[in-house]
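In what follows, a single structure is set out as structure tokens and then discussed.
All heavy atoms count here, side chains included; hydrogens, waters and symmetry mates do not.
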Amino acid sequence: MPSPTSPMLNRLVTLLLAAALLSACGGGVKDDDHDHEDTFIDTAGRIASIENGASALRIHDLDSGAVEATYTLDHAPSAVYASPSGRYALAFQRLQDQVQFVDGGIWQEDHGDHLHDYKQGSRLSGFKLSGVRPTHYDAQPGRQAAIFMDGNAAATPPANAGVRLLTDASIGAGQLVASLDLPLPIHGLGEPVDDKLLTVARADDAADTLPTHLHLYRREGSGYAFVRELPTRCNGMHGSYSSGGFTVVGCQQGMLVVQHLDAITVSERMAATPLRVGTVAGHPRLPGQFIGIGNEGVAPAPVTTRFYALDGAAATATALPLQGWVDGSIRRAHGFDRSGQRFFALDHTGTLVVTQREGTTWVPLARVEGVIPAMPAAAPWPAFTANGGRDEIYLSDPVARQLVVIDSLTGAVVARRDLGFVPAGLAWLGITR
């Protein structure tokens, strides 16, 4: 033990006195120099757009109204989507068996005691995902997304389908979270719900090449373990969405409603409709409520698009009449706004019909003619995307080569921005508020 007059003891006393003085003055040593309060950036986000038949992907900054960057991809994209948390654009190159990624440069991080917004320049990622015929994209917003690879039955030997699971973090790291290879090529879907995955199978007696059943898998590390086949048959399966503890898929006879009961258990029921549902629309802020979309009639005979409101808990579908939607009206684009309380449908004449959720029902809100003054005679049709941070939605106008900005509260057009090219797809990137 040091003596009362030793140098060691004197130094210890000096350090203790200094520490006490610093504490009294509010001083001390910080564990880092990071601001521990919320960092909010007031930004409308950016839009990733693809050009018809070209390899260009453009990032439009909605704050400045300018093109922030243009990237030349390996091939012309067939579709563009936003990553689960909205930071990255996923450029599908279906016929070239590839997906490329562009960092949109706007994101939010949860630092535990606060949220931190970031806005930087966009950049083309070096990460490229290879897989045979990437076609369907199914997201659990804010968490994860599955890319369904259809495979290729015409290849020699045939190339089988598969599912690839991604998150924003895994895209940034240039890797997958998990993958599943199926035993056949098939045009299907892959709905990720927490650690469960619902994907497709086809019975031997199927009338066409589309799936007939759902298979349930559970994620184990970087792979999936088969759990069981759901017995309810869904002929002509196409289209899906998950929200509020339910996954819904479109069928020849209506919509198959799967309820997620716990971490591994599901049950299913069929919600019948008068005609086949080929598209299922939903929104994470409208849990358990869906809209099924199908066409009545086959060209060259008159065709009419019909809509059905589905309550997941009751597994009942009822006709959803849209304001002024007459026989012969065909849907060309659709989607929800950021709230999930307003549904938009663009018909073949360029008229936008807005329907609003009030309580437990849908009611007419607006019918706006001339939103797209001249509808193209063939694809690419107008594309829809919604701003997750502002009350705006966007439609592309392939004929006028414009981006149409719409007030999502009223359906009114507030701006038409010249693009200078024929747009073939849109995806909003940014921070969802």
Side-chain angles (χ1 to χ4, degrees), residues 43-73 76-83 86-92 102 104-106 119 121-122 331-338 342-354 366 368-432:
T43 175
R46 291 168 173 161
I47 288 180
S49 68
I50 56 175
E51 180 179 353
N52 186 43
S55 60
L57 183 146
R58 293 172 176 85
I59 301 294
H60 305 260
D61 188 275
L62 293 170
D63 300 327
S64 67
V67 174
E68 188 266 344
T70 300
Y71 298 100
T72 301
L73 306 178
S78 53
V80 62
Y81 301 100
S83 60
R87 177 172 176 174
Y88 298 90
L90 284 66
F92 281 37
V102 173
I106 301 176
K119 183 174 182 181
S122 65
R331 167 193 58 104
R332 290 302 183 207
H334 74 274
F336 291 89
D337 71 344
R338 65 169 175 159
R342 282 167 286 277
F343 177 72
F344 301 81
L346 181 76
D347 74 8
H348 67 291
T349 70
T351 297
L352 185 67
V353 181
V354 190
V368 187
E369 297 182 355
V371 172
I372 304 296
M375 188 64 64
W381 308 112
F384 176 100
T385 194
N387 193 311
R390 301 282 172 86
D391 290 319
E392 289 183 348
I393 63 166
Y394 310 94
L395 285 167
S396 61
D397 187 334
V399 174
R401 300 186 175 196
Q402 292 177 338
L403 179 71
V404 184
V405 184
I406 298 165
D407 184 330
S408 64
L409 300 178
T410 64
V413 174
V414 297
R416 297 181 185 271
R417 298 176 181 170
D418 290 333
L419 297 174
F421 62 91
V422 177
L426 304 173
W428 179 83
L429 309 176
I431 301 167
T432 297

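Ala48 and Ile59 get closest at one heavy-atom pair: CB-CD1, 3.9 Å. Across all their heavy atoms, Pro423 and Phe421 have their closest contact at CD-O, 3.1 Å. Of all heavy-atom pairs spanning Ser408 and Glu392, the tightest one is OG-N, 3.6 Å. Minimum heavy-atom separation, Pro380 to Pro398: O-CG, 3.3 Å. A pairwise comparison of heavy atoms in Val371 and Arg416 identifies O-NH1, 2.9 Å as the closest pair. Considering all non-hydrogen atoms of both residues, Ala386 and Ile393 come closest at CB-CG2, 4.1 Å.
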_Determine whether Arg401 and Val422 satisfy the following criterion, side-chain contact (heavy atoms from CB on, under 4.5 Å), listing intermediate values before the conclusion._
CA-CA 5 Å; Arg401 300 186 175 196; Val422 177; 3.6 Å; yes

*In sequence, state the C-alpha distance, the side-chain angles, and the governing distance for Gln402 and Arg417, and then conclude on side-chain contact (heavy atoms from CB on, under 4.5 Å).*
CA-CA 5 Å; Gln402 292 177 338; Arg417 298 176 181 170; over 6 Å; no

*For Thr70 and Leu57, what are the C-alpha separation, side-chain angles and deciding distance, and is it a side-chain contact (heavy atoms from CB on, under 4.5 Å)?*
CA-CA 6 Å; Thr70 300; Leu57 183 146; over 6 Å; no

*asked:* Applying side-chain contact (heavy atoms from CB on, under 4.5 Å) to Val413 and Val405, what does each step give before you reach the verdict?
replied: CA-CA 6 Å; Val413 174; Val405 184; over 6 Å; no

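When side chains are defined from C-beta on, Val80 does not count as touching Leu90, because their heavy atoms never get closer than 4.5 Å. Val399 places none of its side-chain heavy atoms less than 4.5 Å from the side chain of Met375. By the 4.5 Å heavy-atom criterion applied to side chains, Leu395 and Leu346 are counted as neighbours.
A distance of 5.0 Å separates OH of Tyr394 from CD1 of Ile47, quoted to the nearest 0.5 Å. In this structure, CG on Leu419 lies 5.5 Å from CG on Leu403, to the nearest 0.5 angstrom. Atom CH2 of Trp428 sits about 15.5 Å away from atom NE2 of His60, to the nearest 0.5 Å. Residue Thr432 holds its OG1 atom at 8.5 Å from CG of Asn387, rounded to the nearest 0.5 Å. To the nearest 0.5 angstrom, Leu426 atom CG is 6.5 Å from Ser49 atom OG.
A salt bridge links Lys119 with Asp63: the closest approach of a Lys/Arg side-chain nitrogen to an acidic carboxylate oxygen falls below 4.0 angstrom. Salt-bridge formation is not detected for the pair Asp347/Arg331: no Lys NZ or Arg NE/NH1/NH2 atom is positioned less than 4.0 Å from an Asp or Glu carboxylate oxygen. Salt bridge status for Asp407 with Arg390: absent, with no side-chain N to carboxylate O gap under 4.0 Å.
Put simply, the side chain of Ser83 gets close to the backbone of Tyr88: a donor and an acceptor are under 3.5 Å apart. Distance alone, capped at 3.5 Å, places no donor-acceptor pair between the Arg342 side chain and the Asp337 backbone. Between the Tyr71 side chain and the Ser122 main chain, a donor and an acceptor come within less than 3.5 Å of each other. Using modelled atom types, no side-chain atom of Thr72 and backbone atom of Ala56 make a donor-acceptor pair closer than 3.5 Å. In this structure, Arg46 contributes its side chain and Gly104 its backbone to a donor-acceptor pair below 3.5 Å.
Using a 30° and 60° split on the angle between ring planes, Phe92 and Tyr81 fall in the perpendicular class, above 60°.
Here the options are Thr410, Leu409, Val404, the test is side-chain contact (heavy atoms from CB on, under 4.5 Å), and the partner is Ile406; only Val404 passes.
Note that Arg332 lies outside the cation-pi zone of Phe384, set by a 6.0 Å cut-off to the ring centre and a 45° limit from the axis.
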